[in-house]
Amino acid sequence: MDRKPATAQEEWRRYWPLVISALLGMSFYSLFAYSNQMFVQPLEREFGWPRRDIAFGYSIFAIIAFLLGPMVGALIDRFGARRIAVPGLALSALAFAALSLTTGDVRTWFGLWLMLGLVGVAVKSTVWTVAISNAFTKNRALALSVMLSGSALAQLGAPILGRWLIPEYGWRHTYLVFGLGWGGAALLLTFFLFHDAKRPVATASQPLVELPGFGFWQAVKSRPMLLIFTANLLNALMGSGITFQLKPILSDTSLGESGAALVAATAGITGIVGKIGSGWLLDRSESKLIPALTFGIGAVAFFLMLDLFQSKAAVIGGVLIYGLYSGAGLSVTAFLVSRYVGLKSFGAVYGLLGSMLMLGTALGPPIGAAVYDAFHTYHPLLWAVIPICLFDGMLMLFLGKYPEFSTTK
């Protein structure tokens, strides 16, 4: 029987390769969303498409993830994360690179995103989160935060690389670099380093011990999960519209287009700080102020990004706070689910939550783009998301204490 590490130091010594490989895998999955902001304006200029149609490409991806997410979570619970992640990365790298084949017929754009959606669901956050949660106990929140920093790495790297690659080599070659380069690196690291934590094997003298936690239906009907689902769905619905178009939003402020990409990249730096900081705090405190502030602080970020003061410093401050908000949100949510649900049905429950997030993400980008097409400004979108952030933060205050789970034979 595989002995569970007794201390946080033992966990890190045994499973650090798992965390590093999962971090890069998570970064590639996040690249699907965070790179879009760099392609909106080049595609608009070349094909004359409205931003609504450009945004709808990612919405197709999100709808597929919404529909298939719970099934993928259940498959992970049954077969393990590695068997899903390795082939998923290989196919996703090819599918993301294939976006370079887009033609002037918008149907090719939609079709390529459909193909990416069908294979990309195998590398969504559920895959990496389940593997980390099964491996870590003592420092689970911090390990999840480090792994989920992959999304902040994409948030940082996509604008910087896109700002260099697109003007120099064009948007088509940029898709190839993102898909085959970034995706290929993630595949190699995952193939060699990403392995599921071994579970005890049942014997005649030592029956198999079930993982602790609620069953699926008991978990999803619990009050904490209903609150977590609601907050994340609202957050994804409005926040994704901003994430998808962050660079165009910043281009319309006093920063101008030349500074927008570099400033957008700074959100990735504070995103890493937000993830690591929130994970460190959650491992040491059950205070619900931590998740409440994580969701609520977005209101400050979006208010500053309105650029009402015509101040570059204020906009930059808003972007930095936005990084903290977007960085900490997913890691806080993953940890909360593991504590309120346990590990018994974690993959299936987190897969369902991921589907709810993707439903919001499917609707958010075209809504945000439609707002711009109608008003030629993103201000109505920013004003709408501010009270939603405050409401989401308030919901976190009513989660209650973590349940105590016991294993059964």
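- Of all the heavy atoms in Ser133 and Ser338, the pair that sits closest is OG-CB, 4.4 Å.
- Two residues are said to be in side-chain contact when any heavy atoms from C-beta on lie closer than 4.5 Å; Tyr322 and Thr270 fail this criterion.
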- Test Trp182 against Ser27 for side-chain hydrogen bond (donor to acceptor under 3.5 Å, both in side chains), laying out the working first. CA-CA 9 Å; Trp182 199 316; Ser27 75; 2.9 Å; yes
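- Here the shortest heavy-atom pairing between Ile64 and Gly117 reads CG2-O, 3.3 Å.
- Put simply, the side chain of Gln37 gets close to the backbone of Tyr34: a donor and an acceptor are under 3.5 Å apart.
- No close placement of the Tyr175 and Phe178 rings is indicated, their centers lying 6.0 Å or farther apart.
- Using a 4.5 Å heavy-atom threshold, the side chains of Phe295 and Cys389 count as separate.
- When all heavy atoms are compared, the tightest approach of Ile321 to Ala301 is CG2-CB, 3.8 Å.
- Using a cutoff of 4.0 Å between basic side-chain nitrogens and carboxylate oxygens, Arg172 and Glu46 are scored as salt-bridged.
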- Task: Before giving the answer on ring pair (Phe, Tyr, Trp, His ring centres under 6.0 Å), spell out for Trp12 and Phe136 the whole-Å C-alpha distance, their side-chain angles and the decisive distance to 0.1 Å.
- Result: CA-CA 8 Å; Trp12 281 107; Phe136 284 82; 5.0 Å; yes
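- Inter-residue side-chain proximity for Lys124 and Trp128 is flagged as unmet; no heavy-atom pair is nearer than 4.5 Å.
- Remark: side-chain polar atoms of Thr377 are not paired, donor with acceptor, to backbone N or O of Tyr372 under 3.5 angstrom.
- The main-chain N or O of Lys275 is found under 3.5 Å from a side-chain atom of Ser145 such that the two form a donor-acceptor pair.
- What you find for Gly360 and Leu233 is that their closest heavy atoms are N-CD1, 3.9 Å.
- Between the OH atom in Tyr350 and the OG1 atom in Thr126 there is a gap of 6.5 Å [rounded to 0.5 Å].
- Here the side chain of Glu11 pairs a donor or acceptor atom with the backbone of Lys138 at under 3.5 angstrom.
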- Task: Report the C-alpha separation of Thr253 and Lys312 in whole Å, then their side-chain angles, then the decisive distance to 0.1 Å, and conclude whether the side-chain hydrogen bond (donor to acceptor under 3.5 Å, both in side chains) test is met.
- Result: CA-CA 8 Å; Thr253 68; Lys312 291 183 179 180; over 6 Å; no
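- Distance alone, capped at 3.5 Å, is enough to place a donor-acceptor pair between the Ser222 side chain and the Ala219 backbone.
- Of the inter-residue distances, the one linking Thr190 atom OG1 with His195 atom NE2 reads 10.0 Å to the nearest 0.5 angstrom.
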- Task: Any chance you could lay out the side chain to side chain contact (heavy atoms under 4.5 Å, CB included) test for Val341 and Phe216, step after step, and finish with the verdict?
- Result: CA-CA 8 Å; Val341 170; Phe216 177 77; over 6 Å; no
- Message: For a side chain to side chain contact (heavy atoms under 4.5 Å, CB included) check, start with the C-alpha distance between Asp283 and Phe335, then their side-chain angles and the critical distance, and finish with the verdict.
- Response: CA-CA 9 Å; Asp283 276 329; Phe335 178 75; 4.2 Å; yes
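- Other residues, nucleotides and ligands contribute more than 12 heavy atoms inside 6.0 Å of the CZ atom of Phe110.
- A 4.5 Å side-chain heavy-atom check between Phe303 and Leu308 finds at least one atom pair inside the cut-off.
- Ion pair Arg51/Glu44 flagged as a salt bridge, since at least one NZ, NE, NH1 or NH2 atom sits closer than 4.0 Å to an Asp/Glu carboxylate oxygen.
- Two residues are said to be in side-chain contact when any heavy atoms from C-beta on lie closer than 4.5 Å; Leu116 and Trp113 meet this criterion.
- Under the 4.5 Å side-chain criterion, counting only non-hydrogen atoms from C-beta, Leu165 is in contact with Val177.
- Of all heavy-atom pairs between Leu148 and Ala334, the closest is CD1-CB, 4.1 Å.
- Aromatic pair Phe96/Phe32: centroids less than 6.0 angstrom apart.
- In this structure a side-chain-to-backbone donor-acceptor pair under 3.5 Å is present from Arg82 to Phe194.
- At least one donor-acceptor pair closer than 3.5 Å links the side chain of His379 to the backbone N or O of Leu306.
- Counting heavy atoms from C-beta on, the side chains of Leu359 and Leu237 never come closer than 4.5 Å.
- Residues satisfying the side-chain contact (heavy atoms from CB on, under 4.5 Å) test with Gln9, not counting sequence neighbours, are Thr7, Arg13.
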- Might you work through the side chain to side chain contact (heavy atoms under 4.5 Å, CB included) test for Lys247 and Val40, ending with a clear yes or no? CA-CA 9 Å; Lys247 178 180 174 289; Val40 171; over 6 Å; no
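- A heavy-atom distance below 4.5 Å is not found between the side chains of Met26 and Leu23.
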- Task: Take Glu168 and Arg163, measure what salt bridge (charged side-chain N to carboxylate O under 4.0 Å, His left out) needs, and give me the verdict at the end.
- Result: CA-CA 9 Å; Glu168 192 72 22; Arg163 185 175 184 268; over 6 Å; no
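- Taken from OG in Ser355 to CG in Leu68, the straight-line distance is 8.0 Å, to the nearest 0.5 Å.
- Here Leu89 contributes atom CG and Phe28 contributes atom CZ; the two are 7.0 Å apart, rounded to the nearest 0.5 Å.
- The CH2 atom of Trp280 sits 12.5 Å away from atom CD1 of Ile276, with the distance rounded to the nearest 0.5 Å.
- Taking every heavy atom of both residues into account, Pro291 and Val332 meet most closely at CB-CG1, 3.6 Å.
- Both cation-pi conditions hold for Lys288 and Tyr402: the charged atom is under 6.0 angstrom from the six-membered ring centre and inside a 45 degree cone around its axis.
- Shown are Leu395, Leu353, Leu336; of these, the side chain to side chain contact (heavy atoms under 4.5 Å, CB included) with Asn232 is made only by Leu353.
- Using a distance-only test at 3.5 Å, with no hydrogens or angles considered, a donor-acceptor pair links the side chain of Thr294 to the main chain of Ile290.
- Annotation: Phe56 is not in aromatic contact with Trp109 [ring centroid separation under 6.0 Å not met].
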- Item | Working for side chain to side chain contact (heavy atoms under 4.5 Å, CB included), residues Leu255 and Ile316 | CA-CA 9 Å; Leu255 293 175; Ile316 292 172; 4.0 Å; yes
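- Judged by distance alone, the side chain of Ser311 and the main-chain N or O of Ala314 form a donor-acceptor pair under 3.5 Å.
- The CG atom of Leu397 lies 6.5 Å from the CG atom of Leu289; values are rounded to the nearest 0.5 Å.
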